[in-house]
Novice: 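Can you keep this structure in mind? I'll have questions shortly.
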Amino acid sequence: MMHLVAGAPRVFPPIVATHLVKLACELPDDCGRSLSTWSCAELARALVRDGVTDAISASSVQRILASQKLRPWRVHHWLSAKVPRDETFRATVENIANLYTRTLEPCERVLCLDEKTSLQPRTRTAANKPAKRGNVAVRLEHEYVRKGALNLFAAFDTRTGNVTAILRRRKRQDEFIELLEKIDSDTPESVTAIHLVCDNISIHRGKRVKAWLETRPRFRMHHTPVHCSWMNQIEEWFSVMQRKRMRAPNYTDLSDLETKITAFVAEWNDIAHPFKWSPKSFDKVLSRETQQAA
């Protein structure tokens with residue numbers, strides 16, 4: 001006869017764990033539930049509904065799933081089979097990994113470029129209120145007025161962490177070329193190889209951009225593979241800017257927004273630092289993508 005200890009977790013027969021693991025390894029939609037992913041509470045309800053057990057708590061479900069290293073509420077993005085992960089893909093990844101991790105010659109720079117679009121002033125109907133003692137958070141008025149948007153064109157230096165940026169109302173090849181011209185003018189003539197890492201959108205590969213690059217041989221474009229925005233270091237910096245400057249947006253207008261973002265870029269450059277990328281990190285991600293293709 002089994003003796004239960006007060007406070008001890010309930011012990012379920014193996015059939016319950018078997019059903020739970022099977023359910024967790026299926027998508028809710030395939031089981032007749034209108035859910036994106038399973039939660040422990042939803043799995044517990046499903047087991048009771050299906051008559052597998054008379055009662056089970058969400059904590060018991062979590063404990064059983066943990067023993068099987070199962071977390072069906074997590075979502076991980078991966079490249080679909082339509083995107084080739086062949087030798088060309090590998091060579092492209094390895095080329096960018098090399099740009100990020102090798103020792104550069106004194107005549108080289110490696111910059112990561114992209115755009116952060118639709119930055120809005122979101123003028124609130126009341127001023128933001130600062131934090132107070134007693135665990136009172138910064139307070140942000142919920143209601144705001146739309147006053148247009150700006151696009152941030154930026155380049156991140158992978159060795160110094162310095163950021164070159166311009167803000168414009170439109171997002172075209174013209175504005176992208178403006179950023180390239182600023183990089184050109186800010187880079188000493190002694191630097192004869194400026195490597196640019198960016199994605200494959202049209203304004204990075206358009207005829208006007210190609211014509212501009214052809215007249216400036218020290219610029220060398222390196223495009224990331226499709227769906228590989230994680231390889232562009234400017235995205236990491238955009239994340240920093242989003243958290244530190246755009247988390248509680250309340251700007252008077254577009255001019256105020258531009259002034260504040262420009263100031264943030266200047267303050268960042270005062271303490272700029274590169275992000276840490278290692279060959280091992282690239283090998284791990286590349287290996288994972290290769291496994292997805294299998």
Side-chain angles (χ1 to χ4, degrees), residues 77-102 104-105 107-118 151-166 168 170-184 186-187 191-239 274-275 277-279 281-290 292-293:
H77 292 266
W78 60 288
L79 294 177
S80 68
K82 294 180 180 179
V83 179
R85 275 152 276 163
D86 50 16
E87 288 305 314
T88 300
F89 174 85
R90 175 175 287 276
T92 302
V93 174
E94 290 177 344
N95 171 57
I96 294 176
N98 182 54
L99 287 174
Y100 287 175
T101 59
R102 69 175 169 84
L104 297 181
E105 298 294 332
C107 62
E108 290 183 294
R109 289 186 77 188
V110 177
L111 302 172
C112 293
L113 289 68
D114 205 0
E115 301 80 40
K116 188 169 180 61
T117 60
S118 299
N151 300 296
L152 174 62
F153 294 75
F156 180 86
D157 190 308
T158 60
R159 296 315 192 269
T160 66
N162 282 336
V163 172
T164 302
I166 61 172
R168 297 293 183 267
R170 302 186 69 179
K171 178 187 172 184
R172 304 171 298 173
Q173 290 184 65
D174 292 349
E175 288 75 28
F176 185 63
I177 290 173
E178 276 191 69
L179 177 63
L180 296 180
E181 289 175 340
K182 182 170 178 58
I183 293 169
D184 194 22
D186 291 348
T187 303
V191 177
T192 58
I194 304 175
H195 300 279
L196 306 177
V197 177
C198 60
D199 61 26
N200 293 274
I201 64 172
S202 59
I203 68 168
H204 298 161
R205 306 174 67 101
K207 292 181 179 179
R208 296 191 63 187
V209 171
K210 289 180 178 179
W212 189 93
L213 292 171
E214 287 175 357
T215 63
R216 293 161 179 81
R218 69 173 179 166
F219 282 82
R220 303 172 188 180
M221 191 73 80
H222 304 262
H223 293 287
T224 59
V226 177
H227 300 318
C228 286
S229 60
W230 52 265
M231 289 186 62
N232 194 334
Q233 292 191 32
I234 190 63
E235 301 296 343
E236 291 185 72
W237 187 82
F238 282 158
S239 178
F275 299 127
W277 286 67
S278 70
S281 297
F282 262 106
D283 290 342
K284 181 179 180 180
V285 173
L286 189 58
S287 173
R288 184 180 301 165
E289 298 298 341
T290 301
Q292 294 286 358

Novice: If you take all heavy atoms of Trp277 and Trp230, which pair is closest and at what distance?
Specialist: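 It is CH2-O, 3.1 Å.
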Novice: Would the distance check show the side chain of Glu214 and the main-chain N or O of Ala211 forming a donor-acceptor pair, the cut-off being under 3.5 Å?
Specialist: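 Here the side-chain-to-backbone pair does not exist.
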Novice: What do you reckon, are the aromatic ring centroids of Phe275 and Trp237 less than 6.0 Å apart?
Specialist: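 Between Trp237 and Phe275, which both carry aromatic rings, the centre distance is not below 6.0 Å.
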Novice: Any idea which heavy atoms bring Met231 and Pro225 closest together, and the distance?
Specialist: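 Smallest heavy-atom distance, with atoms named: SD-CD, 3.8 Å.
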Novice: For the CD atom of Glu178 and the CD atom of Glu181, what is their distance to the nearest 0.5 Å?
Specialist: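 Glu178 CD to Glu181 CD: 7.0 Å, rounded to 0.5 Å.
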Novice: State, to 0.1 Å, how close Val163 and Ala154 come at their nearest heavy-atom pair, and which atoms those are.
Specialist: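 Val163 and Ala154 have their closest heavy atoms at CG1-CB, 4.3 Å.
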Novice: Quick one: CG on Leu99 to CG on Leu104, what's the gap to the nearest 0.5 Å?
Specialist: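 Leu99 atom CG to Leu104 atom CG measures 8.0 Å (nearest 0.5 Å).
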Novice: Could you tabulate the donor-acceptor pairs under 3.5 Å formed by side-chain atoms of residues 107-115, not counting sequence neighbours?
Specialist:
{"residue": "Glu108", "atom": "OE1", "partner": "Arg102", "partner atom": "NH1", "Å": "2.9"}
{"residue": "Glu108", "atom": "OE1", "partner": "Glu105", "partner atom": "N", "Å": "2.9"}
{"residue": "Glu108", "atom": "OE2", "partner": "Arg102", "partner atom": "NH2", "Å": "2.8"}
{"residue": "Glu108", "atom": "OE2", "partner": "His195", "partner atom": "NE2", "Å": "3.0"}
{"residue": "Arg109", "atom": "NE", "partner": "Asp157", "partner atom": "OD2", "Å": "3.2"}
{"residue": "Arg109", "atom": "NH1", "partner": "Thr187", "partner atom": "OG1", "Å": "2.6"}
{"residue": "Arg109", "atom": "NH2", "partner": "Asp157", "partner atom": "OD2", "Å": "3.0"}
{"residue": "Glu115", "atom": "OE1", "partner": "His204", "partner atom": "NE2", "Å": "3.3"}
{"residue": "Glu115", "atom": "OE2", "partner": "His204", "partner atom": "NE2", "Å": "2.8"}

Novice: Return the minimal non-hydrogen interatomic distance between Ile183 and Ile194, and the atom names on each side.
Specialist: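 Scanning both residues, the minimum pair turns out to be CG2-CG2, 4.4 Å.
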Novice: Given side chains that start at C-beta, do those of Asp184 and Leu180 come closer than 4.5 Å, heavy atoms only?
Specialist: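 No. Closest side-chain heavy atoms not under 4.5 Å.
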Novice: Just jot down the side-chain hydrogen bond (donor to acceptor under 3.5 Å, both in side chains) partners of Lys116, sequence neighbours excluded, or say none.
Specialist: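 Lys116: side-chain hydrogen bond (donor to acceptor under 3.5 Å, both in side chains) contacts with Gln242.
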Novice: How long is the straight-line distance from CD1 of Ile166 back to NZ of Lys182, given to the nearest 0.5 Å?
Specialist: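 Rounded to the nearest 0.5 Å, the NZ-CD1 separation comes to 8.5 Å.
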Novice: Would you say the side-chain atoms of Gln233 pair up with the backbone N or O of Thr158, donor to acceptor, closer than 3.5 Å?
Specialist: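 No: the side chain of Gln233 does not pair with the backbone of Thr158.
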Novice: State, to 0.1 Å, how close His223 and Ile96 come at their nearest heavy-atom pair, and which atoms those are.
Specialist: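 Taking every non-hydrogen atom into account, O-CD1, 4.0 Å.
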Novice: Quick check for you: to the nearest 0.5 Å, what is the distance between Phe219 atom CZ and Thr192 atom OG1?
Specialist: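 These two atoms lie 12.0 Å from each other.
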Novice: Return the set of residues passing salt bridge (charged side-chain N to carboxylate O under 4.0 Å, His left out) with Glu94 (not counting sequence neighbours), or none when no residue passes.
Specialist: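 Result, salt bridge (charged side-chain N to carboxylate O under 4.0 Å, His left out) vs Glu94: Arg90.
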Novice: Between Leu179 and Ala155, which heavy-atom pair has the shortest distance, and what is it?
Specialist: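 Closest heavy-atom pair between Leu179 and Ala155: CD2-N, 4.4 Å.
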Novice: State, with a plain yes or no, whether a side-chain heavy atom of Thr92 is found less than 4.5 Å away from one of Thr224.
Specialist: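 Counting from C-beta outward, Thr92 and Thr224 never come under 4.5 Å.
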Novice: Is any side-chain heavy atom of Lys171 closer than 4.5 Å to one of Thr117?
Specialist: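 Yes, their side chains come closer than 4.5 Å.
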Novice: Using side-chain heavy atoms (C-beta onward) and a distance below 4.5 Å, is Phe176 in contact with Ile201?
Specialist: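 Answer no - side chains too far apart.
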Novice: Is any side-chain heavy atom of Asn151 closer than 4.5 Å to one of Arg168?
Specialist: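 No. Closest side-chain heavy atoms not under 4.5 Å.
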Novice: Verify, without hydrogens or angle tests, whether Arg220 (side chain) and Ala193 (backbone) share a donor-acceptor contact under 3.5 angstrom.
Specialist: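 Flag not set: sc Arg220 to bb Ala193 has no pair under 3.5 Å.
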